[in-house]
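In what follows, chains are A, B, ... by sequence order, proteins preceding strands, each numbered from 1.
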Amino acid sequence: MSNGTSKIEYVSYLEHQGKYEGIFSWIFATDHKRIGLLYMYAIITFFFIGAILGLLMKIELIAPGETIMKPQVYNGVFTLHGILMIFMVVIPGLSAVFGNFFLPILIGAKDVSFPKLNRFSWWIFIAGSIMAVASQLMKDGPPDTGWTFYAPYSTSTGTNVIMATAAAFVLGFSSILTGLNFIVTIHQMRAPGMKFFNMPLFPWALYATAWIQLLATPIIGITLLMLIGERLFAIGFFDPTLGGDPLLFQHLFWIYSHPAVYVMILPAMGVITEIIPTFCQKQIYGYKAIAISSLAIAGVGFLVWGHHMYTSGMSENARWFFSLLTFIVAVPSAIKVFNWISTMYKGSIDVKPPFLYALSFIFLFIIGGTTGLLLGSVATNVQVHDTSFVVAHFHYIVFGGMGFAFFAAIHYWFPKMYGKMYDYKRANIAWGIIFLGFNLLYFPQFIIGIEGMPRRYFDYPIQFQTSQIISSIGGFILVSGLILMVFNLIQGARKGKLAPANPWNGSTLEWQIPSPPSLENFDEEPVIKKNPYYYK
Amino acid sequence: MSENKLHIEEHRDDEASKLGMWLFIFTELLLFGGLFLVYSIFRAQYTTSFHESSLELSVTIGAINTIVLLFSSMTIAMALSAIQKNNKKLALILIGITLFCAAIFLFNKYFEWGAKIEHGLYPGSTLMTLLDRGHLLYFSLYFFMTGLHALHIVIGMILLIVCYFKVKSQNINNQNYVLLENGALYWHLVDLIWIFLFPLIYLIT
Amino acid sequence: MANNSSHTTEYVVLARVLLLLMFLTILTISITSYHLGAFTVAITLLIAGTKGYLVLSYFMHLKYESLLLRILVGMVFVLFALIIVITFIDYAYR
Amino acid sequence: MFSNASNFVHGVDLAFFIITGISLFFLITLTAMMIFFVVKYNKKKGIPAVQIKNNSLLEITWITIPMILVLYMFYIGWEGFIPMRQAPKDAMEVKAIGQMWKWTFEYKGNKQSDTLVLPIHKAVKVNLISKDVLHGFFIPSFRIKEDVVPQKNNYSWFIPGELGDFDLYCTVYCGVNHSFMTSIVRIVSQNDYDKWLATLNEKKPDIDNKGYKVLEKNGCFTCHTKDGGKSVGPSFESLYGSTIEVATNGTSRKLVVDSAYIVSSIIDPNKDIAVGYPQGIMKSYKGIVKEEEFKLINDYLKSIK
Ligand code: HEA
Ligand code: HEA
Ligand code: CUA
Ligand SMILES: [Cu+2]
């Protein structure tokens, strides 16, 4: 697609011909944009599988007793659902897809620092995913430990725990390498003149995230290795009959897994921080506060893991200590919310689909976050720990937060990635259905959770049934909305009308280059404005 | 178009590679960090058993290995200086010595482990399950930590062998030696971890 | 882009550091043969820390690297120390 | 306003109301502001955006106020929790034994029951014991929950304040029948409690049993438990007469445990390997356990089946 009038030949990254052809031009691509898309397709596939599993659970839970599956199957289903969604969807989700695609562009670079390493990360991501799938098919049957792999159940059950943990180990490696790549890229590749404090806020969020990925993931790596060793050789780190300590496993697991929840949410917050100024045509309020709060969340977030263990028999001192820190880590999140809403004040607000998703993100995030406060308080945690209240909390904050941010990001950057535009009206309708279905699906779970419905329950007492039915109906509404949304996007990519370079009148660098971008992103060195969100 | 492609692949930034290596070292430190955490918790719980079991290890072998590793760490640092001073021959010799030391280290480890295995002490053995809990944990940790460390030695050796040949073929020279610098950094990491492993496993009583 | 920023360490410096490290190793071994109780642990760890510091600053050239990198390395160790201390808040009071 | 089911309801529910109240306040105000802004400053009105300078005072306010609120919420939550860890010394002690996938409650004098029956208005301390994996001891109406960890002495305590039946769940995932591991707490008057306790059967202590002594003498209990707990080898509890799967020369088969099998397991343990257990761990006790002792062992094992 050469353009006769311009002097430099412009070829979009989608059509660029490299050394390889056809499908290999993708698998062997080192271009950060192609790798971003590769991650996106893989992750959407996993999301689709995981979501179907979620729906199956909802159908099973429509009535007490056996509805469509046996207890052992149910246990396998929520385990796979958790592993898929956490390790293969939300942890890589925003940073590997949109981070890869837009981080270099946003800081005015041609690519990430180590393109080949980037490609390697994708490969091992796929290898890990294949192992996770293999764990389902192998002889001993799907693992049934829950995504938390708590010992000593995980050291004694007869299912394929080794394969599943090895998969999580490999996926963790991919996550580490992506984080490493991003940190180096942000330090070394910023366009001349771009200081740390005039970087856009999505890269800031990615920077904080990358540090968590880099420093927390090795801990789970070694923990899973120990678990594997324990299963193979009766080593006894965690099995109390061999002198080990199951609580130690929980400590090690959450030392990683709590910071990991911030790996999910920080990039999501970054996306929202990009979208709001664009659709308000207004410079972001409290730039520095938002940037620094990302680092604060990442830093303090390392020290609060014990709030998953209040009832495990931890010492009293540890309980209050972790509770206190948990409450403190909520404050930087609150600051971000306040800044987003202030940015809307006296703006010129254009309610397009990405902005709708961003608004609903804020709403759902507040619900998810404040129910996190209820969980973080020791007294109330005793009541709701390991009940469906927790399930509702993390679906609100993971799906409602990170998931909605992912949808927002797709709708926001879609024209840049594909050079085409989707249908606004259909997108709005899909949003409405999703939002309604989502709340119907998860809100009832807060209520039955407070009343005492434990999580990971195949069967349940009859008094919870009404809420479970409402919740299941919500699940079906949600699905129809998601199908409409995906259909709309696919239609957009195939037949949508051509998108201009800057459809939303955004101010950051990605909107200053053609859609879709060329292989090298920038044909001439980009001009760095002091404030990335400069309007008028 | 082909010019574009070349541009991306030939982009070289030594600062970036070095930073990348350091970040990788951070993850390795925390990987072992997890093990040190487990070690310290169990040691606090089973102090006397840990003390008794550590007596069964030979401090001499441990000390020899420590000295060998420290020495190799110095030689590889010198190799880097030699390359920077454009003294290819000296650099090759120094890398060779480092590799030799690594081999000695593994050789010692082999004997040390071999002796334990001969006594029926290895993960999963009958004897292990009969030990009292503290001893079992101590030896499990011993095998796990030194095993993982030995694995790192092997990886480090592979890296240094690559460096050796690259120095030989002039691919590493006094203008472009970041690979050797990173290989050396990795080797120092292995040494650094041993500096903590040695007293914790062999000495503290 | 050549490596002009890099620092070349003299052989003598490296050799001296090695001597110091050897000395510290022998020191630890001899100290642990006295029974100093809880102090042994503290002292050996202190010595190991010193050795680590030497390796990091001279062998690994940290002394000549940018302030940023040095801060980062410091933070990693601080983070690790915090994790250990916090875990012990649980174990020490159980 | 609060129920009286146990002495903790007040503290926990108070924390619940205060935190939920603060949360709802923020949720409603912030959502209302979002909607208001979207309507008021809509692009359709054609008024261009006004760029606003940062206001440090505002920022400091909205850091400080949440900080204070957060510390207050922490305090309320901790206040509600402290009493849960301070069991009175004279509390009545009951053991709750969790095992895949049922609860057993053991009263003073080795009396056992499947439901937890307790007298009203009397402090009870429940000692939590697990025989295999993690379980969770959860009575929603009483606002108490504590994990049941093998080889670790966790406990929970409360003073029941209302008569009636309350649900008890296992909350920590423990395998296939995790969701069926439920029971009932029945709070009755002191009188009814005493009557009920008198009807409970006592479990005979093993100490006087001859077969038990033989096992004890030979150290069998280092690897086998007598109460269904998991250890190096299979538990002796309900072993006799059960159908088990063993591997003989590498092929697995099912058999019913009888006296002959027990004897062969002692003389030649590696002939039939119980599936799920390692081979070669148990040595042969041929000659060590005397011929005449086999019967004693078998009698004992029958008695605990
Ligand atoms: C994206 C992922 C994500 C995020 C960001 C969070 C954020 C938070 N989480 Fe959540 N959490 C999970 C994912 C996440 N969580 C998951 C997956 C689990 C379950 C794991 C499992 O067991 O399987 C879990 C479980 C979990 C528990 C353990 C529950 C249990 O098992 O007993 C706790 C307890 O403290 C907790 C607390 C919090 C808190 C306090 C925050 C805070 O960071 C929230 C901060 C946000 C806000 C506070 C809202 C915005 C602020 C305002 C609107 C202003 C008003 C607020 C104030 C005045 C402070 N979470
Ligand atoms: C990203 C994280 C994520 C997401 C998005 C979801 C999404 C869903 N989850 Fe869940 N969930 C977890 C993470 C997530 N989950 C985790 C970590 C656990 C804990 C596991 C454990 O206990 O170990 C859990 C547990 C969990 C439980 C509790 C199990 C129990 O404790 O007994 C339930 C029960 O209802 C549930 C249901 C659902 C449902 C109905 C959805 C729905 O939202 C899904 C609805 C969406 C769809 C069905 C989409 C379908 C889409 C299409 C058809 C179009 C796509 C097409 C193309 C791409 C071409 N999940
Ligand atoms: Cu027992 Cu769940
Ligand atoms: Cu958490």
Requested in this report: Specify which of D:L58, D:V70, D:L14 makes the most heavy-atom pairs with chain A at under 4.5 Å.
Outcome: D:V70
Query raised in the report: Tell me, side chain or backbone of D:V172 under 4.5 Å from chain A's heavy atoms, or both, or neither?
Result: both
Query raised in the report: Parallel under 30°, tilted from 30 to 60°, perpendicular over 60°: which one fits the rings of D:F16 and A:F389?
Result: perpendicular
Report summary line: So, the part of D:L30 with a heavy atom under 4.5 Å from chain A: the answer is both
Query raised in the report: Between atom NZ of D:K43 and atom NZ of A:K352, what is the distance when rounded to the nearest 0.5 Å?
Result: 5.5 Å
Query raised in the report: How about D:E59 and A:Y285: do any of their side-chain heavy atoms sit closer than 4.5 Å?
Result: yes
Query raised in the report: What part of A:P461 lies closer than 4.5 angstrom to a heavy atom of chain D: side chain, backbone, both or neither?
Result: side chain
Query - D:R85, part contacting chain A, at a heavy-atom distance under 4.5 Å - result: side chain
Query raised in the report: Measuring heavy-atom distances to chain A, does D:D167 have an atom under 4.5 Å in its side chain, in its backbone, in both, or in neither?
Result: side chain
Requested in this report: Calculate, to the nearest 0.5 Å, the distance between atoms SG and CG belonging to D:C170 and A:D386 respectively.
Outcome: 9.0 Å
Requested in this report: Might you point out which heavy atoms bring D:L134 and A:P152 nearest each other, and give the distance in Å?
Outcome: CG-CD, 4.0 Å
Query - NZ (D:K45) with more than 12 external heavy atoms under 6.0 Å - result: yes
Report summary line: Here the pair of heavy atoms bringing A:M344 nearest to D:M34 is CE-O, 3.7 Å
Query raised in the report: Tell me, do A:T387 and D:K145 make a side-chain contact under 4.5 Å, heavy atoms counted?
Result: yes
Report task. Return yes if some donor-acceptor pair links the side-chain N/O of D:S179 with the main-chain N/O of A:D459 below 3.5 Å, else return no. Result -> yes
Query raised in the report: Which region of D:T31, side chain (C-beta onward) or backbone (N, CA, C, O), has a non-hydrogen atom less than 4.5 Å from a non-hydrogen atom of chain A, or is it both or neither?
Result: side chain
**Report entry** Any donor-acceptor N/O pair, D:Q51 side chain to A:Q283 backbone, under 3.5 Å
**Finding:** yes
Query raised in the report: Angle class for the A:F338/D:W62 ring planes (parallel below 30°, perpendicular above 60°, tilted otherwise)?
Result: tilted
Query - Contact leader toward chain A among D:P150, D:S141, D:S130, where contacts are heavy-atom pairs under 4.5 Å - result: D:P150
**Report entry** Top contributor to chain A contacts, counting heavy-atom pairs under 4.5 Å, from D:F37, D:Y173, D:F81
**Finding:** D:Y173
